[in-house]
Asks: 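One structure is given below, represented as structure tokens, and several questions about it will come after.
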Number of protein chains: 4
Amino acid sequence: MRAAITLFARKGFDATPVREIADAAGVTTGALYHYFATKEDLLVEVYQQMQAGQRLRMEAIADSDLPLREKLHAIISDVVESTIADLDEAVVFFQPFHLLSPRVHEMVRAERRGYHYRVKALIEEGQRDGTFRADVPTTLAVSYHFGAVHQLGL
Amino acid sequence: MRAAITLFARKGFDATPVREIADAAGVTTGALYHYFATKEDLLVEVYQQMQAGQRLRMEAIADSDLPLREKLHAIISDVVESTIADLDEAVVFFQPFHLLSPRVHEMVRAERRGYHYRVKALIEEGQRDGTFRADVPTTLAVSYHFGAVHQLGL
Amino acid sequence: MRAAITLFARKGFDATPVREIADAAGVTTGALYHYFATKEDLLVEVYQQMQAGQRLRMEAIADSDLPLREKLHAIISDVVESTIADLDEAVVFFQPFHLLSPRVHEMVRAERRGYHYRVKALIEEGQRDGTFRADVPTTLAVSYHFGAVHQLGL
Amino acid sequence: MRAAITLFARKGFDATPVREIADAAGVTTGALYHYFATKEDLLVEVYQQMQAGQRLRMEAIADSDLPLREKLHAIISDVVESTIADLDEAVVFFQPFHLLSPRVHEMVRAERRGYHYRVKALIEEGQRDGTFRADVPTTLAVSYHFGAVHQLGL
DNA sequence: AATGAATGAGACTTCATTCAT
DNA sequence: CATGAATGAAGTCTCATTCAT
């Protein structure tokens with residue numbers, strides 16, 4: 001999966017032959033197909049692993065007892081830091097996922113929805129208790145900042 | 001080129017057979033190859049057309065005699081509007097271009113650099129004459145806002 | 001298609017690589033796939049051609065104004081003769097078609113049904129007008145004789 | 001071997017992966033290869049088992065002290081009955097064996113020859129002592145009737 | 001200029017078979 | 001004896017590109 005991430009980041013999914021992934025990983029294609037039924041399956045598992053990691057870290061922060069303002073700061077920082085920490089992973093992760101198979105597309109969307117939903121809840125909590133301004137649509141705020149962050153990372 | 005944009009947006013460059021573009025355009029592959037030497041050439045011309053349009057509109061605004069603040073507003077608005085006006089084009093345009101061929105990559109980078117350079121100049125002008133705050137790195141400001149805008153558009 | 005018939009007869013469908021058919025036909029695999037979308041498609045067309053020929057000849061006899069007894073004789077003779085005339089074709093044709101794809105299977109069954117139905121009608125006509133014995137189930141008679149003939153041919 | 005027969009009957013030899021046979025039999029491929037050196041070997045043993053059974057039953061009848069006419073009747077009946085009793089086995093058994101490996105091919109031919117030889121001997125005995133008509137080529141009679149029977153069975 | 005059949009390299013995937021454990 | 005991961009050759013099919021007409 002490491003090899004796959006690196007190559008998908010560098011050349012894109014379609015432009016990366018399975019053979020090359022296998023070589024980079026030091027296995028034969030046969031062996032690779034022993035563990036991943038399909039090239040797409042490999043992609044799916046890569047995404048799942050990345051998303052699970054990101055979600056877990058976010059939830060740990062959200063469930064902590066930091067003040068709201070610091071929670072949000074920590075969450076955004078985590079995105080920036082993890083992006084920088086593994087650029088290949090980030091490149092794959094923030095790829096226009098509508099180009100990928102419908103299966104991956106739907107999976108990413110679902111995860112993303114959950115992620116945004118949780119962050120939105122935090123902001124709304126802040127708006128209610130006066131920590132944050134309440135005169136801006138929450139969704140817009142979320143999208144705008146994440147968008148900016150992602151773009152910076154890449 | 002219209003057909004190519006639509007298909008590249010929907011399925012990605014690698015996943016779009018030349019044959020399909022030709023069919024969608026109502027020509028034969030032979031005819032298509034008469035005008036574009038290569039599939040990649042077609043992509044290059046698509047990018048050039050899109051970039052030329054965007055740059056021209058930006059420069060018209062920058063060279064106008066609007067007040068600085070309104071110039072920047074108009075430029076950003078133009079990005080948002082043109083994104084919305086032709087989503088397929090936008091999807092192709094804001095694709096991670098490092099995945100495309102080195103040739104396209106370099107072309108896009110060069111154009112992008114020029115575009116940012118011009119916008120940065122406007123901001124710096126504003127910072128000098130007191131229109132804008134001067135305590136933020138200009139580059140960061142540019143990237144952050146364009147990043148946010150792009151992300152919103154898609 | 002000639003090349004395909006020969007090879008399918010000699011080695012069976014599964015055991016015949018597309019490459020080999022193309023070579024035998026003196027074309028490239030690419031060209032072959034230009035005309036037949038799939039290896040299975042090629043098989044389907046081979047069957048259709050064979051069945052159309054056989055049915056046409058049978059119907060010509062059935063619609064002629066020969067006496068009934070001679071019609072049946074001619075039909076059976078035609079099966080024997082065409083079997084001998086092109087053994088490769090016969091080998092493919094009388095293969096256990098349930099092993100082939102469901103699509104071919106169903107097509108062959110449908111044709112076969114039509115063929116048997118026509119022959120059965122002739123026999124029944126003969127039974128009604130006293131030309132043939134009427135104390136044997138028609139279906140059994142048809143199956144028995146065709147079975148014998150096919151087996152002899154192969 | 002049971003599993004193999006079922007699958008060979010249903011999908012054909014070439015279209016049946018060893019893995020699937022092993023799974024159906026509830027063993028691992030490794031274990032299967034412990035008992036059969038080759039996929040083809042498995043096929044050979046399947047055929048041998050089927051042929052041995054059929055030949056033994058035939059010889060028991062031929063060596064009995066039934067009258068000739070009843071012997072032949074019993075032999076044909078046995079073919080019909082055993083065909084019906086295990087259709088999967090019959091499907092494999094009456095497959096166009098020239099498609100199988102030369103080794104199996106030759107084995108089947110040899111057995112078949114022996115079988116036919118014995119039956120032919122019975123018929124000739126009957127022709128000499130006047131039980132059967134002697135104005136038909138024996139070989140043709142044998143082939144014709146077995147062919148019909150096989151075809152009916154399948 | 002247009003056509004579209006042909007090319008052939010290369011992609012994904014399967015599978016009989018082996019072998020260290 | 002059994003396991004099942006690993007091997008790698010081979011198979012089907014796709015597709016960018018060419019070229020005679």
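Keep in mind it's a predicted model, so treat the numbers as computed, not measured. Residue numbers start from 1 in every chain, and the chains themselves are labelled A, B, ... in the order their sequence lines are given, proteins ahead of strands.
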Asks: Please report the closest heavy-atom contact between V79(C) and T83(C), naming both atoms and the distance.
Replies: O-OG1, 2.6 Å
Asks: Please report the interatomic distance CD(Q48(B)) to CE(M50(B)), rounded to the nearest 0.5 Å.
Replies: 10.5 Å
Asks: Within this structure, what is the OH-to-P distance between Y33(D) and dT17(E), rounded to whole angstrom?
Replies: 4 Å
Asks: So which atom in A9(D) and which in V92(D) form the shortest heavy-atom distance, rounded to 0.1 Å?
Replies: N-CG2, 3.6 Å
Asks: Can you give me the closest heavy-atom contact between E40(D) and R103(D), atom names plus distance?
Replies: OE2-NH1, 2.8 Å
Asks: Within the 4.5 Å heavy-atom criterion, are F93(D) and Q51(D) side-chain neighbours or not?
Replies: yes
Asks: I need the full list of salt bridge (Lys or Arg N to Asp or Glu O under 4.0 Å) pairs touching residues 87-101 of chain B, with sequence neighbours left out, sorted by first then second residue.
Replies: R2(B)-E89(B), R10(B)-D88(B)
Asks: May I ask you to list the residues of residues 10-20 of chain D, by number, that have any heavy atom positioned under 4.0 Å from an atom of DNA chain E?
Replies: T16(D), P17(D), V18(D)
Asks: Can you give me every donor-acceptor pair (side chain of residues 20-36 of chain A, partner residue at least two apart or in another chain, under 3.5 Å) with its distance?
Replies:
| residue | atom | partner | partner atom | Å |
| --- | --- | --- | --- | --- |
| E20(A) | OE1 | K11(A) | NZ | 3.4 |
| E20(A) | OE2 | K11(A) | NZ | 3.0 |
| D23(A) | OD1 | R19(A) | NE | 3.4 |
| D23(A) | OD2 | R19(A) | NE | 3.4 |
| T28(A) | OG1 | A31(A) | N | 3.3 |

Asks: Heavy atoms only: give me the nearest M1(A)-E45(A) pair and the separation to one decimal.
Replies: CE-O, 3.5 Å
Asks: Checking salt bridge (charged side-chain N to carboxylate O under 4.0 Å, His left out) for the pair K39(B)/D14(B): CA distance, chi angles, key distance, verdict?
Replies: CA-CA 10 Å; K39(B) 189 189 180 186; D14(B) 283 320; 5.2 Å; no
Asks: When you compare the protein's N or O atoms with those of nucleotides 5-9 of chain E, which come within less than 3.5 Å of each other, and at what distance?
Replies:
| residue | atom | partner | partner atom | Å |
| --- | --- | --- | --- | --- |
| dA5(E) | OP2 | H34(C) | NE2 | 2.4 |
| dA5(E) | O5' | H34(C) | NE2 | 3.1 |
| dA5(E) | O3' | Y35(C) | OH | 3.1 |
| dA6(E) | OP2 | Y35(C) | OH | 2.5 |
| dT7(E) | OP2 | T28(C) | N | 3.4 |
| dT7(E) | OP2 | T28(C) | OG1 | 2.7 |

Asks: What do you reckon, is CZ of R109(D) surrounded by more than 12 foreign heavy atoms closer than 6.0 Å?
Replies: no
Asks: Is there a side-chain contact between Q95(A) and V91(A), using heavy atoms and a 4.5 Å cut-off?
Replies: no
Asks: Do T38(B) and L42(B) have side-chain heavy atoms sitting under 4.5 Å apart?
Replies: no
Asks: Counting a pair only when it is Watson-Crick or G-U and both distances are under 3.5 Å, which runs of at least 3 such pairs involve DNA chain F?
Replies: E:2-21 with F:2-21
Asks: Counting only heavy atoms and a strict 4.0 angstrom limit, can you tell me which residues of residues 36-46 of chain B come near DNA chain E?
Replies: none
